Structure formats: C-alpha cells, structure tokens
Number of protein chains: 2
Amino acid sequence: MKTEQPMTLTRIAALAKTSPSTVSRVLSDDPRISEATRQRVLQILKENRYQPNLLARALKGGKTGQIGVLATNIGSGFFAEVLQGIDFATRAQAIHMVCSFAHGIADYIEMAADMLTNGRTDGLILIDPPLEMFDRKPPVGATPAVLCASRPLRRSSDWHQVDSVTVDNKDAMNQLVGHMAGRRRAYLIHLAGPRNTYDSQARRAAFKAALRGRKGWRATIEDGHLIDGDGRRSAKQMLKCGHPLPDAILCFNDSTAQGVAETFDAEGVAWRGRVAITGWDNSTAAHFMDLTSVQMPTHDLGRTSAELLLERLKPNGPIAAPRQVALPTTVHFRGSTLYRGSKP
Amino acid sequence: MKTEQPMTLTRIAALAKTSPSTVSRVLSDDPRISEATRQRVLQILKENRYQPNLLARALKGGKTGQIGVLATNIGSGFFAEVLQGIDFATRAQAIHMVCSFAHGIADYIEMAADMLTNGRTDGLILIDPPLEMFDRKPPVGATPAVLCASRPLRRSSDWHQVDSVTVDNKDAMNQLVGHMAGRRRAYLIHLAGPRNTYDSQARRAAFKAALRGRKGWRATIEDGHLIDGDGRRSAKQMLKCGHPLPDAILCFNDSTAQGVAETFDAEGVAWRGRVAITGWDNSTAAHFMDLTSVQMPTHDLGRTSAELLLERLKPNGPIAAPRQVALPTTVHFRGSTLYRGSKP
DNA sequence: TTGAAAGCGTTACCAG
DNA sequence: CTGGTAACGCTTTCAA
C-alpha cells in the first residue's frame, strides 16, 4: 500500500510541458486549444488518472456542488424515501447530498443555522423542522433553503421568504371526515401529533375546519401523539372514563392508530364496524391492520424540494418570489372505517 | 433580500485591526495570544456572526471532514437505520455524511470508483455492494473504505485489504434450521436472495452448511428472491407441481416470506402448524404476520462501519491490518414456525 | 505576543 | 492559441 501523492493539475502541466492554465482549459473543453496540445494533455491526464480536486474548485468557484439535507431522527422510513426523491432530482446534475440528523429541537435549530452558513453546501433542504425554528430569523448570509413538509404558520416570520413544499393536509382530512359524514357520525376524536411540527398543526387545523358548520357534531382534540404508546395511553383513557366510545378516532399517524386498535383488541372491545379508526402514512402496519390511512407523496416531496432549490441555485436565475407548493395525498380507505352493515 | 457578502477571516482581522494570523489563532485557541486581543477579536467575531469557510479549511488541511455513504436504492428502511448508526458515530467529530444511491449494478460500481477517488470525502462506506464490484480492483489512490453488510467472497480480490462489517448469517441460519431440527423435520426449501450480494450468498452457504451431516434430510435452494412477487411465484410453483409441500420454507427476507404466506392463504392452503415459514429483517410485516424472522443489527452495522473508518482516518494511526467484524443477529421465533401440537 | 508571507489546487483575467 | 499572475479563505511556518 504505497501512499501515492495525488495528481494535481500543476503536476500534470509539468508532465505535459505546458502551463496549468492550458490543462485547466483542456479540462473545461475550451475551444481555443490546439488539437495537438489537447490530445497530448488528455493523454497525460488519462495516463495519470487525474481527478480534479473538488475542494479547490469549490473554493475558487464559490459553488460546492453539494446540498444539505437536515432531518429529525424520527421516522426513518419517511426520511429515506424523501431522500431518494431528492436524489432523483439531483443526480442528473451531479449534486451531492450531505445528510444530517438532528437530535431534538434545540439541536435541529442549531444544526440548521450551522448548515445554512458554514459554506459546506450551496443550499439546504429542511425536513420537518420544529416550529420553534421559525421564532428566530434565518441567519444572515444563509444559503438558499427549502422547507420540506413544513411551512411557517404565522405571518411574522422571515422564513416566509424561503420556498416550501407541503402536502395537502386539508384535502386529506376532509376526505377522512367526509367519509364519516356520509355515515352521519356525530362524535369524533382527533389524536393530534406534537404541537411543534407543521404537519401536526395543519392536520389539527384541518380537522377543526372540516367540522365547522356540521351542526350537531361533536369533536375533541388531544395533542402529543406520535408513537404507539401515545395511542395506547389515549385508548385506555377512553375506556376507563366510562363515556361511550366516539364514532371515529382520527389518529395523527399509523403508529398511534396501531396503539389504539391493539389496545381495544386487547381489552376485548369489538370496535370494528362501530368505531372508525384512521391512521396516516399508509405504512406496512396500515396494510396489515386493514387501516384506512393517508399516503404521503414522499418521493415527490423530496424531488420537488430539490427542484425548487436547484432552480434557486441557478447562477442567472432571477430572484423569484418564494413559492409554496402543496402536493396531493392519496387516502386509502380500508376496513377500519367500515361501519356495520355498510359496504367498502 | 440584500446579498450580504460573507464574513471572512480577513475581513474580521481588518475590523479588529489585527492580522488574519491572529484571528486564526484566536479561533484555534492558541494559548500565546494576549487576553486583551483575544477578547477584542472574539467580540468582533461574535458581532459579525463569523462562520469559518470549511472549504478553505479543508483545502488547506487536506481533509474534507466528510465521509461518503453509498447504498443501493433498495430497502429504504434498512438504509435509513444504518445511516443513523453512522451518524451516531460521526456527529461527535463533526464529520458529515455525503449520501448517494446507486441505481443498478453498473451504476454502483461506477459511483463507488468515483467516490473513492474524487476527493470529495475522506473515506467511504459501501453498503451492500454488488459482488461484481469485487471483480475489479479498488481504484488506485482510493480513499479508505469500509464494506458494510458485505465482504469479498473469494480470496483473489484486493478488496480484502479493506475493513468490513457483516452480520453473523451463519449463526442465525443455524438457529433457524436448528429450530426445525428439534422437531425432526426432513424437507427444507431455502428461497435464497439475489446471487450478487454478500448476505444472500452467505445465507445460502450457511443453509447448506447447517444441513451438512443431517442424515436423511432433504433440501432445495432457489435463487433470486427479493420481493414479495418472487415469493408468490415460488409458492405458486410449489402448489402447482403436485409434490407435497416442504416442512419448512426459509426465505431470504420478510417480503419474500410475505409473498409465500399470502399466496398459500389465498389458495386456501392451511400451512400454519404444518409448513414452517421464516423471513429475515424482522420488519413490521413479520410482526403482523407472526412470522419468525432474523433481526439485523442495523444501527450497529452503521456505527461500527463508521468507527472502523474513522479509526483508519486518524492522522497518526498505524496502518492496521484489515479488520473483519461480524455482528450478532437476533432471531425472533414466532408462530409461523410452530408445528401442530407444539408449544412456543 | 504578533504579523508577513507562502501555499493548498483550481480558475480566470490579461498579456503576448 | 498559450502562459503568467492573482485570487478563493484559511493555516502555518518563520521572523520580528
């Protein structure tokens, strides 16, 4: 294992008995190089397996050829799919993805600030940031950023200047509630997600909006549901309090729904046909539990985010106004929302 | 949106009425700086929210502070968990991960060669590469690499010089077969995976080895199983050919097992209690299907790979001999391997 | 204790 | 068509 010192453009120039400038021009296909020297240089280049030092290039050109992707460490499957979407959009342009996981709220905010300013990447995709991030202004001198599966809720924040890609939570929630409505159900519970993520708050708001104007309907919202344990706790609570069960339980995600359903099953509650349960994410669990669930366009979420970012990174691109894209979801209606006697 | 030109160390020096050298020393906590100037510089640094340009640093220091991670685009959940393991090991040292997905065999080999030599990263973790990669030598001047969930099978390849982290397929397979053996089962089928991945071939070999010496046992191996469709096809084949069903079907992964089980169910075959079916990966599907399955130490796979790589990257580290780590798996025995009348 | 200067590998602007 | 030179932002001798 001999340590070969790497071939630099300057060393190539020496070998080819010419100047670094010329070699650089050959590499960039500059037309005003004589065919003779071009061939000679190319030959040496190949013989020595020259690979340009991308760092030096980046330092000179002010572009790194990399974009950052920051995610929370929750929901690994979701993240991986979004990442593949980003890859789909970036691979053609040989843009590389620098990935980081944040551990907790403060960590996310800190890492985002760092990645936006440390010059390691040309832009940043922020996946599902904690809403607390929007309380601070984006750091000065930040690289372009795109919010993926998120958007600032209040108008006060400077983060409105950055592009965002979200899903149409409103439409999905309307479909879920509408599905119940067709069956004249009257009491709904929404086991909402954490208070500090966009999607959670958007679905919460969409739930309230979907119920507005439905006379005689009742609804409750409980916050902070993320994992099956949260669903379990709420399900036990429902059983313990003695009140009649709701007609429908709309859960923030499949994990929560799984917790609820499994708890009911364990307690011997015959909920199927009487209590509609819905999840969100259309995971494998939803498939197996025959659970009605909302499918997120994960791949498109990543792809679109990357496309917006790349567009903004184009050198001559006019500084377009911030764009807010909302992607459609797909609701999979399954057995968990069938009421007794009704058909699929 | 005014485009602020970024704060450089030189500009800070000017503002602090001192030299770039001094500022650089303050940043690196050089002890021989007077407390007075130290404070003054720190003040300016903070006021201007200075962030060092990591590119310039990297160019000077010859280290990028990044490691590459190359994966196939299959099995996104697995990849994400390995990635989190890598993150676990690298975040303390502020090493960043550059992630790429290969689309197909040729693409993987090409991307690996590129990432090993383009200088963008200090080292590379190759997740589950196609075995074809080992037919070529590693490129000259390659950065250090670690094989994750893989290892060259034949002794001929120079790839044996690189560290590798695998799982103990042999032990897991022994446990599966042994589980059957306790029940004196005689005819086993292994629905093996693709021919060109290490894990697949290792499990294949382990299956054969586990059966060696068991007199009177019969076994068949079929290759190329990766997704549920493959399992479906094989299951239909078994039913169609008229032969009696085997006593056990050991599948390459849970998807394949799912395909087999669902096909049997759909065809009305009462397999539970008569035909043992096993999967691999311990996915959500395995949980729901009550399927015996092998759990991979995904997080540790990533963490260990990163640790090996970082160790090799240490500037003064002696050039240690290549290491081959094998991590233990956990076999989850479930209902799918219970025979009629036997207890868990 | 501080500053000047060289240099990491590349590109781009001028000259010639 | 080609070569010298400066510059990207930083670190690190070497002097002072």
Side-chain angles (χ1 to χ4, degrees), chain A residues 4-42 44-45 48-66 117-122 141 143 315, chain B residues 3-42 44-45 48-66 94 117-122 141 143 315:
Chain A
E4 315 213 10
Q5 64 168 307
M7 262 301 157
T8 71
L9 183 147
T10 311
R11 300 218 299 138
I12 293 285
L15 290 174
K17 304 210 187 307
T18 177
S19 74
S21 322
T22 301
V23 178
S24 177
R25 289 197 188 97
V26 169
L27 286 169
S28 56
D29 273 329
D30 193 309
R32 52 184 193 180
I33 292 284
S34 75
E35 193 55 23
T37 49
R38 220 179 73 83
Q39 289 305 336
R40 179 162 44 93
V41 170
L42 280 176
I44 310 267
L45 242 22
N48 296 79
R49 291 191 195 73
Y50 169 77
Q51 292 273 131
N53 182 320
L54 300 177
L55 247 45
R57 243 181 215 180
L59 180 59
K60 185 89 234 299
K63 293 247 147 282
T64 66
Q66 299 189 149
T117 51
N118 69 13
R120 194 183 283 281
T121 57
D122 300 329
T143 62
Chain B
T3 311
E4 314 214 7
Q5 64 170 305
M7 260 303 157
T8 72
L9 182 146
T10 311
R11 300 219 299 138
I12 293 285
L15 290 174
K17 304 209 186 309
T18 178
S19 72
S21 329
T22 302
V23 179
S24 176
R25 290 197 186 97
V26 169
L27 286 169
S28 56
D29 272 328
D30 194 310
R32 53 183 192 182
I33 291 286
S34 75
E35 192 54 24
T37 48
R38 220 179 74 84
Q39 289 305 336
R40 179 161 43 93
V41 170
L42 281 177
I44 309 269
L45 243 23
N48 296 80
R49 291 192 196 74
Y50 169 77
Q51 291 275 129
N53 181 321
L54 299 180
L55 246 47
R57 247 184 209 175
L59 179 59
K60 186 91 235 297
K63 294 246 145 283
T64 66
Q66 300 188 150
T117 53
N118 69 11
R120 194 181 284 280
T121 57
D122 300 328
T143 61

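Quick note: numbers below take in every heavy atom, side chains included, and nothing from hydrogens, waters or symmetry partners. None of the values given here were measured: they were computed from a predicted structure. Below, chains carry the letters A, B, ... as their sequence lines are ordered, and counting in each starts from 1.
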- Task: If a protein heavy atom is under 4.0 Å from the base, mark B; if only from the sugar-phosphate, S; if neither, -; do that for nucleotides 9-16 of chain D going 5' to 3'.
- Result: BBBBBB--
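To the nearest angstrom, C1' of dT2(C) lies 16 Å from CZ of R38(B). Across the protein-nucleic acid pair, I12(B) atom CD1 and dT2(C) atom C1' stand 18 Å apart, rounded to whole Å. In this structure, D30(A) places its CG atom 13 Å from P of dG3(D), rounding to the nearest Å. Atom CD of Q39(B) is separated from atom P of dT2(C) by 12 Å (rounded to the nearest Å). Per the geometry, CG belonging to D29(A) stands 14 Å off P belonging to dA12(C), to the nearest Å. The distance from atom CZ of R40(A) to atom P of dC1(D) is 14 Å, rounded to the nearest whole Å.
Considering only residues two or more places apart in sequence or on other chains, D122(A) meets the side chain to side chain contact (heavy atoms under 4.5 Å, CB included) condition with K63(A), T64(A), L313(A). Scored by the side chain to side chain contact (heavy atoms under 4.5 Å, CB included) test, N48(A) finds M7(A), I12(A), L15(A), I44(A) as partners (sequence neighbours excluded). In terms of the side chain to side chain donor-acceptor pair (under 3.5 Å) criterion, T143(A) has no residue partners (sequence neighbours excluded). With sequence neighbours left out, A13(B) forms a side chain to side chain contact (heavy atoms under 4.5 Å, CB included) with P20(B), V23(B). The salt bridge (charged side-chain N to carboxylate O under 4.0 Å, His left out) search around R49(A) returns none, not counting sequence neighbours. Residues meeting the side chain to side chain contact (heavy atoms under 4.5 Å, CB included) test with S24(B), sequence neighbours left out: L9(B).
Proximity of S34(B) to the phosphate of dT2(C): a side-chain N or O atom is located under 4.0 Å from OP1 or OP2.
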- Query: Does the pair R38(A) and D29(A) meet the rule for a side-chain contact (heavy atoms from CB on, under 4.5 Å), with working shown?
  - Reply: CA-CA 9 Å; R38(A) 220 179 73 83; D29(A) 273 329; 3.8 Å; yes
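For residues 11-28 of chain B, the set of pairs meeting the salt bridge (charged side-chain N to carboxylate O under 4.0 Å, His left out) definition, not counting sequence neighbours, is empty.
Over its length, the helix from dT1(C)-dA16(D) to dG16(C)-dC1(D) turns its helix axis by 50°, as judged from the five terminal pairs at each end, rounded to 10°.
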